Amino acid sequence: MEASGRCRRHLPVLLLWVNGLMMLGLAGVHQQINLCNESLMLERLPACGKFFEEMMKKVDSKKWCNLTEFITYYNIFTQCTEREANDASCFWPNPLAESFITGIHKQFFLNCTLDNVHWEDPPDEILIPLILIPVMLTCAMIMLVVWCSKRSDILGSS
């Protein structure tokens, strides 16, 4: 009986010790810190751009603004830049990678601008009924509620 009591007292200490060891391992105490090798990343990113350029040659230049025409190529390009940044121990996106990607955008998508939509009111024949119908319905409902509240003695007595 005394042995089991001793085990029960030492069990929480043992569990805390094991938990501490596990947390040290999960916290990455032994993890090596790698610094970003920017020159390696900048050396490798152009290969991603070259691949994207070759793929975009397959797409008619008139369709370069239609994302559905080249989304697969763009996805591969994005994954390539991310992989090359990670291989150089750099986070992604980072300012250098973003600058490179912006250069690719300027090369292929410079003329892809959104047309400014010019909003205008509908003609008066449409606009006046769209305004007056809800206003008149609101007034009619208010009058009905007021009339029913004044007539509550007749409506409620039956």
Side-chain angles (χ1 to χ4, degrees), residues 11-149 155:
L11 185 61
V13 174
L14 178 65
L15 289 174
L16 285 173
W17 182 71
V18 170
N19 185 37
L21 287 176
M22 289 176 61
M23 292 306 288
L24 284 175
L26 294 176
V29 170
H30 303 291
Q31 184 179 359
Q32 181 180 351
I33 298 174
N34 294 330
L35 297 176
C36 176
N37 188 344
E38 293 177 347
S39 58
L40 177 63
M41 182 184 65
L42 289 175
E43 183 180 304
R44 292 174 140 191
L45 284 179
C48 300
K50 186 70 173 165
F51 171 79
F52 184 69
E53 187 177 341
E54 292 298 319
M55 293 296 108
M56 288 300 284
K57 286 180 182 177
K58 296 179 180 180
V59 179
D60 182 15
S61 62
K62 294 175 185 172
K63 296 181 179 181
W64 281 2
C65 295
N66 185 356
L67 186 60
T68 57
E69 295 290 328
F70 61 87
I71 187 69
T72 304
Y73 307 141
Y74 191 81
N75 185 43
I76 294 169
F77 167 70
T78 304
Q79 289 175 352
C80 179
T81 58
E82 183 175 2
R83 182 179 56 251
E84 295 302 342
N86 289 333
D87 287 350
S89 300
C90 301
F91 64 92
W92 187 92
N94 61 59
L96 292 174
E98 285 178 1
S99 174
F100 176 77
I101 293 168
T102 302
I104 294 293
H105 280 227
K106 286 179 182 176
Q107 180 180 351
F108 290 99
F109 312 122
L110 185 63
N111 296 325
C112 299
T113 57
L114 294 175
D115 295 332
N116 290 335
V117 178
H118 178 67
W119 296 97
E120 58 183 59
D121 289 336
D124 287 344
E125 300 84 36
I126 295 173
L127 188 62
I128 290 173
L130 288 175
I131 293 172
L132 289 181
I133 290 174
V135 169
M136 291 183 351
L137 282 174
T138 303
C139 290
M141 293 304 293
I142 291 172
M143 289 186 335
L144 183 64
V145 168
V146 169
W147 182 76
C148 286
S149 67
L155 295 174

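Quick note: numbers below take in every heavy atom, side chains included, and nothing from hydrogens, waters or symmetry partners. These numbers come from a predicted model, not from an experiment.
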Rounded distance [0.5 Å steps], OG in Ser89 versus CG in Leu35
8.0 Å
Taking the side chain as C-beta and beyond, is there a heavy-atom pair between Leu110 and Trp64 under 4.5 Å?
no
Criterion side chain to side chain contact (heavy atoms under 4.5 Å, CB included) on Glu53 and Gln107, from CA distance to verdict
CA-CA 9 Å; Glu53 187 177 341; Gln107 180 180 351; 3.8 Å; yes
If I compare all heavy atoms of Ala97 with all of Leu45, which pair ends up nearest, and what's the gap?
CA-CD1, 4.0 Å
Would you say Phe52 and Phe108 make side-chain contact, with heavy atoms under 4.5 Å?
yes
The single option from Arg83, Glu82, Glu84 passing side-chain contact (heavy atoms from CB on, under 4.5 Å) against Asn86
Glu82
Nearest 0.5 angstrom please: Trp92 CH2 to Gln79 CD, how far?
9.5 Å
Acceptor/donor pairs from residues 124-146 side chains to any protein atom, 3.5 angstrom cut, sequence neighbours excluded:
unit_1 : atom_1 : unit_2 : atom_2 : d
Thr138 : OG1    : Pro134 : O      : 2.7

One should read off an interatomic distance between Thr72 OG1 and Glu69 CD, to the nearest 0.5 angstrom, of 10.5 Å
Taking the six-membered ring for Trp, are Tyr74 and His105 parallel (under 30°), tilted (30 to 60°) or perpendicular (over 60°)?
perpendicular
Tell me, do Leu42 and Phe100 make a side-chain contact under 4.5 Å, heavy atoms counted?
no
Locate the shortest heavy-atom distance separating Leu96 from Asn94; write the atom from each residue and the value.
N-OD1, 3.0 Å
Working to the nearest 0.5 angstrom, can you tell me the gap between Met41 CE and Ser39 OG?
9.0 Å
Given side chains that start at C-beta, do those of Met55 and Phe77 come closer than 4.5 Å, heavy atoms only?
no
So do Phe70 and Met56 actually touch side chain to side chain, heavy atoms under 4.5 Å?
yes
Under 3.5 Å, side chain of Ser99 to main-chain N/O of Pro95, donor-acceptor pair present?
no
